[in-house]
Amino acid sequence: MGETGNHNHQPPPRQPPPGPVPPLGAARGPLYPPAEQLLQLHYCIHSNPSWHQTVLLAFQHYIVMLGTAVMIATVLVPRMGGGHGDKARVIQSMLFMSGINTLLQTLFGSRLPTVMGPSYAYFISVLLAINDFNDSNFTTEHERFTHIMRAVQGSLIVSSILNIIIGYGKAWGNLTRFFSPLVLVPVVCVVGLGLFARGFPQLGNCVEIGLPMLILLVISQQYLQHIHPKTRPILERFALLLCVGIIWAFAAILTVAGAYKNVRDQTKMSCRTDRSFLMSSAPWIKIPYPFQWGTPIFRASHVFGMMGAALVSSAESTGAFYAAARLAGATPPPSHVVSRSIGLQGIGQLLDGIFGSLVGSTVSVENVGLLGLTRVGSRRVVEISSGFMIFFSIFGKFGAFFASIPLPIFAAIYCVLYAIVAATGISFIQFANPNSMRNIYILGLSLFLGISIPQYFVMNTDMAGHGPAKTGAGWFNNILNTTFSSPPTVAIIVGTLLDNTLEAGRARDERGLPWLVPFQRRKGDSRNEEFYNYPLIINDYIPTRFL
């Protein structure tokens, strides 16, 4: 009985073998694997919204890029001796060339939905040209303005050769082969962060208009869209247009009510809706044409300064291309695509000089941020926006109406859009090892110096464009001061140098190269041709070496 009783006992349940004990400090929450393409986009580079939405989104892109053209002309044209009519014609010329260059870039360049707008990189070079003619004798201020414009034209035309050579010569694309995801983080990030001076400092010139615009845009675009399912797509895609209309009307009411009668001139210029004088001075119809300011003037010192600006604009565009690719649902642009894009940007700068634009063109960072804000990365939207730029540049009165929007409203918009581009750069760290002390060191130093060094050069540059570099060669000073005033350029130099010399071979996987290298090659990933091939059958007729 005892044995029988013992046989009735069940054996103790087997305990599963203990699993591996997670290391101290390991993640205990959900893990999010790296995502090559953003999954929350409504329309990527190949997909298109309905036609009525496409037109509205394209007009929104036009409004966003318009602010930069107005800011540049407002600062530079008066210093050149130009009046309100000259400023209106300069804005028209910049808009016209932005439309042409945008269309060329989306068709034959990067093929990404990027707007090509006027660049701040040429600011110092134009100031130096202005300073060189301060002591010259002119019968009128308009003659002085025209003379400086001709000098700027000449330097833009000659310096464009640099971008054409480094682009179509594939030198710039070969440089990007040294990029890793770790380098892309500071390069793309400072493309947005480096423009902080165009954000809240400009907004602060008229807080009662700029701050309500910023708050209203954040609330309506991010919070109010969740109130009702039907309002979500409208506010998510078109909140920016609605907010501009509301705050612009509010500024007009304050102007008419006399709120700015007894204020300083700077406040009047920033806050009043009738201080741009563009509506009264812009022609009804004016088609920009080659050499509209006269025969170009060529000076070696101006050309070398513009060459530095051309390099800087290439660096800024490169960072913006990577951000636009991510926000449009495309893979990172291969090196041969980056090369041809920079080469075409050089051709665009040549056209800028021929048609008399005040500065050269580069990728508009604010429009790249707009792709992320609306979650619409459609190439067709940007192509149609180029039509708005060309149309409003020809019919001046209509374009001047929108160009009279107070600049603090644009500054509030830039606070959001530049921030999106900066955050997009941070997202590239997912393809590298963010816990590597080597990577942390390189990333931190590249980010800090990418902002700190340009800030030093900007703070020590006077109103004539003379910076801290003061050697015996003026042309060399111009190149150094222009180059090191650009955050993306400094970030590329510091990041690429450190990442490729500091234990580069041993840390190949930590740097994220296994992920990025296939995209850098022409045939490395099947999606490269899908996103970046030329349209229709053009690809079959162009020799491979020019693709």
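Computed from a predicted structure; not experimentally measured. This chain uses plain numbering: 1 for the first residue, then up along the sequence.
- A donor-acceptor pair is defined here as one N or O able to donate and one able to accept, closer than 3.5 Å; such a pair exists between the side chain of Gln105 and the backbone of Ser110.
- Each salt bridge (charged side-chain N to carboxylate O under 4.0 Å, His left out) pair with one or both residues in residues 367-376, not counting sequence neighbours, appears once here: Glu236-Arg375.
- Contact check for Ser270 versus Leu407: no side-chain heavy atoms found under the 4.5 Å cut-off.
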Check step by step if side chain to side chain contact (heavy atoms under 4.5 Å, CB included) holds for Val64 and Phe410.
-> CA-CA 7 Å; Val64 167; Phe410 289 110; over 6 Å; no
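- Gln53 and Tyr43 share no side-chain donor-acceptor pair at under 3.5 Å.
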Give the C-alpha distance, both sets of side-chain angles, the deciding distance and a yes or no for side chain to side chain contact (heavy atoms under 4.5 Å, CB included) between Ile384 and Trp51.
-> CA-CA 10 Å; Ile384 293 178; Trp51 276 106; 3.5 Å; yes
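- Taking all atoms of both residues into account, the shortest heavy-atom contact from Ser364 to Met65 is OG-CB, 4.3 Å.
- A cation-pi contact, defined as under 6.0 Å to the ring centre and within 45° of the axis, is absent between Arg522 and Tyr532.
- Here the shortest heavy-atom pairing between Pro118 and Ile72 reads CB-CD1, 3.9 Å.
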Is there a side chain to side chain contact (heavy atoms under 4.5 Å, CB included) between Phe196 and Gln455 once you walk through the steps?
-> CA-CA 11 Å; Phe196 67 90; Gln455 182 66 11; 3.4 Å; yes
Thr362 and Ser317: side chain to side chain donor-acceptor pair (under 3.5 Å), yes or no, with the steps?
-> CA-CA 6 Å; Thr362 189; Ser317 292; 2.7 Å; yes
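- Summarising the geometry of His46 relative to Glu530, their closest heavy-atom pair is NE2-O, 2.9 Å, with the distance given to 0.1 Å.
- Note that CZ of Phe392 is 15.0 Å distant from NZ of Lys397, once rounded to the nearest 0.5 Å.
- No side-chain donor-acceptor contact under 3.5 Å links Glu316 to the backbone of Val363.
- Side-chain contact check for Leu311 versus Thr489: every heavy-atom pair is 4.5 Å or farther apart.
- No side-chain donor-acceptor contact under 3.5 Å links Arg380 and Thr54.
- Using cut-offs of 30° and 60° for the angle between ring planes, the Trp248 and Phe401 rings count as tilted.
- In this structure, the side chains of Met389 and Thr102 come closer than 4.5 Å at one or more pairs of heavy atoms.
- At least one side-chain heavy atom of Val244 sits less than 4.5 Å from a side-chain heavy atom of Ile413.
- No donor-acceptor distance shorter than 3.5 angstrom exists from the side chain of Ser339 to the backbone of His336, with no hydrogens or angles considered.
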I would like to know whether Trp515 and Gln430 meet side chain to side chain contact (heavy atoms under 4.5 Å, CB included); could you show each step before the answer?
-> CA-CA 11 Å; Trp515 172 78; Gln430 65 184 307; over 6 Å; no
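- Atoms SG and CG, on Cys415 and Leu214 in that order, are 5.5 Å from each other to the nearest 0.5 Å.
- Within a 6.0 Å sphere centred on CD1 of Ile287, heavy atoms belonging to other residues, nucleotides or ligands number 12 at most.
- A donor-acceptor pair under 3.5 Å links the side-chain atoms of Ser341 to the main chain of Val337, judged by distance alone.
- No side-chain heavy atom of Leu278 sits under 4.5 Å from any side-chain heavy atom of His84.
- Each of Leu235, Ile247, Leu216 was compared with Leu242 under the side chain to side chain contact (heavy atoms under 4.5 Å, CB included) criterion, and only Leu235 meets it.
- Side chains of Gln37 and Thr331: no donor on one and acceptor on the other come within 3.5 Å.
- For Phe519, the CZ atom sits in a packed shell: over 12 heavy atoms of surrounding residues, nucleotides or ligands are nearer than 6.0 Å.
- Under a 3.5 Å cut-off, the side chain of Thr176 and the backbone N or O of Ser335 do not form any donor-acceptor pair.
- Annotation: disulfide (SG to SG under 2.5 Å) contacts of Cys271 (sequence neighbours excluded): Cys206.
- Between Tyr62 and Phe59, the angle of the ring planes lies from 30° to 60°, which puts this pair in the tilted group.
- Distance check, rounded to the nearest 0.5 Å: CG of Leu76 to CE of Met71 gives 13.0 Å.
- Using modelled atom types, no side-chain atom of Asn163 and backbone atom of Gly343 make a donor-acceptor pair closer than 3.5 Å.
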For Phe391 and Phe395, run ring-ring contact (aromatic ring centres under 6.0 Å, His included): C-alpha distance rounded to whole Å, both residues' side-chain angles, the deciding distance at 0.1 Å, then the answer.
-> CA-CA 6 Å; Phe391 175 84; Phe395 297 93; 4.8 Å; yes
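- Contact of the Ile215 side chain with the Leu211 side chain is registered, since non-hydrogen atoms from C-beta on lie closer than 4.5 Å.
- Between Trp284 and Phe398, the two ring planes are perpendicular [angle over 60°; tilted spans 30° to 60°].
- Side-chain contact, Ser313 with Gln345: a donor N or O sits under 3.5 Å from an acceptor N or O.
- Put simply, OG on Ser452 and CG on Leu447 are 12.0 Å apart, with the number rounded to the nearest 0.5 Å.
- A distance-only check finds no donor-acceptor pair linking the side chain of Ser386 to the backbone of Ile100 [under 3.5 Å].
- Between Arg527 and Glu36, at least one side-chain nitrogen of the basic residue sits less than 4.0 Å from a carboxylate oxygen of the acidic one, meeting the salt-bridge criterion.
- Between Pro78 and Ala73, the shortest heavy-atom contact is CD-O, 3.6 Å.
- You'll find the side chain of Val338 reaches within 4.5 Å of the side chain of Trp172, heavy atoms only.
- The heavy-atom pair separating Asn439 from Leu182 by the smallest distance is OD1-CD2, 3.4 Å.
- No donor-acceptor pair closer than 3.5 Å links the side chain of Gln349 to the backbone N or O of Ala310.
- Between the CG atom in Leu184 and the CZ atom in Phe431 there is a gap of 10.0 Å [rounded to 0.5 Å].
- For the pair Arg111 (side chain) and Asn533 (backbone), a donor-acceptor distance under 3.5 Å is present.
- Contact record, Pro186 with Leu443: CD-CD1, 3.7 Å, taken as the closest heavy-atom pair.
- Two residues are said to be in side-chain contact when any heavy atoms from C-beta on lie closer than 4.5 Å; Val152 and Tyr122 fail this criterion.
- If you take CG on Leu66 and CE on Met94, they are separated by 9.5 Å, rounding to the nearest 0.5 Å.
- In this structure, the side chain of Glu366 does not engage the main chain of Tyr418 through any donor-acceptor pair within 3.5 Å.
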